[in-house]
Amino acid sequence: VISLREIERHDPYLISKKRFQEYNDEDVFALSTGKRMNKALLHDILFEDDLYDYYIKYLNKSTDDSFYFITKKDKAFKYIIVKRKDIYLGLNEMVVEGLIPVDTVHIKRLSEINYKMSLARFADDHAGEDISMMIDNHECVVASESIFNLLNMDVEEFNDFLENGKSSFGGVKKEEFVYILVNYIKKNKLKELYVLEDLVLSRIQAFQNNELIDIEAFNQLLTTDVVSDDVLVNNSIKERILKNVPQTLNDLERVLYVYIMLYETYSYNPKLFTDEHHQEGVKEFSKTFANILNRFKVNYEILSETPTNFKIKFRVGKYLLLLNARHEENDRLTGIKCMNLNKQTTEDFKEEFKSVSKMFGNVDDEEVIVDDEVKVEPEVIEEEVDLDALIKEYNSLNPPKVTISLKTRISILLDKIETAKVHGADALAYVLLLRKNLFTYRERDHNFDYKIIYNHSSEETCGLLILNATSMKENPESNVYYLFMPPNGLFKKNPESAKLKLETGEYEEIEKYRKVVDGKTPEEDNLYV
Amino acid sequence: MYNKLQKMVNDRIESSSYDERKRLIIIKSILNSKNAFLNISMDDAYAILTDLGISETAIKSVYEELIDLKNYKKNMENSSVLW
């Protein structure tokens with residue numbers, strides 16, 4: 001399934017055909033994780049001198065999370081891929097259970113493997129290094145030791161780090177330190193490549209999820225959109241509000257003050273916001289608010305802009321905020337919401353809002369200005385539109401005639417698949433969508449078929465692409481087959497072998513996706529010729 | 001990219017002929033669906049991009065960006081197309 005070139009990129013260990021068969025037989029050991037590992041393979045890593053040495057060298061230099069075995073004869077080859085963490089677990093569990101009788105040499109070897117797989121080894125390898133990272137346009141540098149010190153702290157010390165009043169660690173702000181830690185771990189694939197203690201792992205995960213310290217806003221919204229249609233900005237209201245902003249307010253309070261003042265101006269002023277003019281009201285409110293954000297140098301991104309709804313994401317310090325301006329029936333505008341995942345940050349925001357509202361606003365604190373009721377995800381910008389109806393109407397108005405060659409369609413298809421370097425179902429389903437969108441009904445029928453299949457030999461779900469420059473129906477002998485195995489991309493298959501595997505059921509099509517693959521009927525598809 | 005396209009529609013509406021304007025108004029509505037290009041055919045998408053004034057040399061790369069996997073992943077939950 002993977003090309004020889006690709007396998008060789010991973011420095012595979014060469015084994016005989018006989019050994020390959022042994023490593024594939026059914027004498028397996030069940031790991032505590034439920035995975036099954038071939039016993040002979042695990043045994044040999046510890047007992048075969050050459051293999052052991054090769055494996056240690058691999059652990060020393062490779063950043064692959066898997067170890068590859070290969071057997072070759074002429075141009076034919078077969079391979080086995082084993083996760084390095086499974087090897088570690090398998091060896092340790094088999095030794096503990098007495099399934100591999102070991103003497104002092106092998107215990108020493110196992111200790112060496114265990115050390116190579118440990119975070120301590122990574123820390124030793126990188127001792128003395130400085131880690132530099134840009135955070136919000138300034139450079140932060142910390143020593144690598146401080147990262148491991150924090151992860152390995154005893155519980156009391158760690159809680160002290162989280163809770164005490166100290167605002168810095170390792171020479172930078174505490175939050176910046178955690179941001180560097182999270183990104184350093186990701187960059188070096190520490191979770192994938194090394195065996196981490198439960199406590200260390202739980203700390204890393206909590207940091208990554210912004211549960212302990214909020215680092216979500218760092219490096220976000222470093223640039224800003226600029227409000228279009230300046231003509232809609234109400235300058236007299238804007239200047240009146242800006243003139244009265246109290247000097248003592250901090251950045252967030254200042255933005256909330258403006259929001260509340262605008263809210264009050266627009267929500268209950270019938271001259272500005274009557275039923276007949278509510279769309280203009282939303283627009284004017286939104287544009288004026290965005291314009292003031294520009295004035296305050298608060299960066300924002302316009303997520304959606306329609307006649308009745310205006311959504312922007314903006315950032316004030318650690319707060320990631322969403323303004324989702326809509327007109328409600330009771331003549332008020334909603335709303336503003338803190339989008340941070342960290343609960344403390346969202347609580348802090350609500351407190352700040354209440355306090356500013358209490359000091360300067362005339363509206364009832366309890367009024368739902370903080371838009372908790374509307375569950376709007378920041379990244380989902382979907383607006384309710386009937387796309388099919390709009391496209392139909394569009395096509396009735398003599399749009400430009402565009403001719404797209406089959407070659408262009410296939411070129412885009414292959415480009416997009418090659419760059420779809422993600423695992424699993426997302427990428428497989430993405431190709432379904434490409435097939436439906438890029439090709440006409442006739443082309444789907446004659447030039448490009450796609451099946452989601454279960455490959456019984458590799459025990460994986462993958463995609464099978466069948467391409468034909470003329471017609472699959474009339475010239476099936478010209479079919480070209482590709483196996484799509486995300487995240488590793490496309491692999492051209494021998495047509496005879498692919499057909500045989502489909503016929504024998506080694507490639508078993510997963511039927512439930514067939515309807516999606518077939519797409520529209522000829523009648524539904526006005527491009528059918 | 002959607003923001004840029006929306007800006008292009010707005011820029012063109014003012015100076016367009018009556019027929020063009022009718023199409024541009026529809027395009028404007030289509031663009032309100034953030035991942036519209038993941039849910040329409042390539043032929044329709046190319047017509048729309050041509051209407052917006054995207055040149056023949058740039059149209060392929062613009063379209064490829066609009067149908068990129070990252071947009072698809074964002075769109076997954078809302079899509080009625082798959083699964």
Side-chain angles (χ1 to χ4, degrees), chain A residues 225 228-229 301-307 309 377 379-391 393-404 408-409 411-412 415-417 419-422 425-427 429-430 432-434 436-440 486 512-513 516 519-520 525-527, chain B residues 2-4 6-7 9-11 18-54 56 59-61 63-83:
Chain A
D225 288 344
S228 57
D229 301 336
E301 180 190 353
I302 299 172
L303 301 178
S304 163
E305 191 177 357
T306 73
N309 178 215
E377 295 301 325
E379 298 298 338
V380 179
I381 335 283
E382 194 73 10
E383 179 73 10
E384 286 290 328
V385 289
D386 185 350
L387 261 184
D388 285 350
L390 287 170
I391 290 291
E393 197 181 347
Y394 175 73
N395 280 322
S396 72
L397 294 168
N398 298 320
K401 293 263 177 288
V402 182
T403 310
I404 307 165
T408 302
R409 295 174 199 268
S411 152
I412 292 178
D415 275 354
K416 298 317 291 176
I417 292 179
T419 53
K421 300 283 186 200
V422 294
D426 280 357
Y430 177 57
L432 291 175
L433 183 81
L434 291 178
K436 181 175 178 289
N437 286 351
L438 296 180
F439 297 89
T440 63
K512 70 174 176 176
Y513 304 126
V516 181
K520 290 179 182 174
D525 190 333
N526 56 15
L527 294 160
Chain B
Y2 273 78
N3 285 342
K4 278 185 198 158
Q6 272 160 345
K7 191 171 179 311
V9 180
N10 290 333
D11 290 346
Y18 178 73
D19 281 347
E20 272 175 353
R21 188 175 303 178
K22 279 208 287 191
R23 291 204 303 272
L24 289 167
I25 287 166
I26 294 172
I27 293 174
K28 199 171 174 178
S29 303
I30 290 171
L31 291 174
N32 284 337
S33 172
K34 188 74 179 176
N35 285 317
F37 286 88
L38 288 170
N39 297 307
I40 63 176
S41 75
M42 182 179 176
D43 300 78
D44 290 329
Y46 263 49
I48 288 170
L49 294 174
T50 305
D51 243 348
L52 289 178
I54 307 273
E56 219 175 299
I59 201 165
K60 184 167 175 263
S61 61
Y63 179 64
E64 285 200 31
E65 194 182 330
L66 290 166
I67 59 161
D68 196 75
L69 179 64
K70 65 175 187 291
N71 296 330
Y72 169 69
K73 288 182 72 166
K74 282 182 200 168
N75 192 46
M76 277 275 283
E77 285 188 6
N78 293 347
S79 171
S80 58
V81 180
L82 300 170
W83 308 116

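These numbers were taken from a predicted model, which means no experiment stands behind them. Residue numbers begin at 1 in each chain, while the letters A, B, ... track the order of the sequences.
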Is the backbone N or O of [Y] less than 3.5 Å from a side-chain atom of [X], with the two atoms forming a donor-acceptor pair by type?
| X | Y | result |
| --- | --- | --- |
| Asn437(A) | Leu38(B) | yes |
| Arg23(B) | Asn398(A) | yes |
| Thr408(A) | Ile404(A) | no |

Practice task
State, with a plain yes or no, whether a side-chain heavy atom of Asn35(B) is found less than 4.5 Å away from one of Leu66(B).
Solution key: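 No - every pair of side-chain heavy atoms lies 4.5 Å or more apart.
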Problem - chain A contact via Ile27(B) - side chain, backbone, both or neither, heavy atoms under 4.5 Å - result: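 The side chain, not the backbone.
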Practice task
Heavy-atom pairs under 4.5 Å with chain A are the metric here; pick the option from Lys22(B), Glu20(B), Met42(B) that has the most.
Solution key: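 Of the candidates given, the most pairs with chain A belong to Met42(B).
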Exercise for the section: Check whether Leu397(A) gets within reach of chain B through its side chain, its backbone, both or neither, counting any heavy atom under 4.5 Å. Expected result: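 Both the backbone and the side chain of Leu397(A) come within 4.5 Å of chain B.
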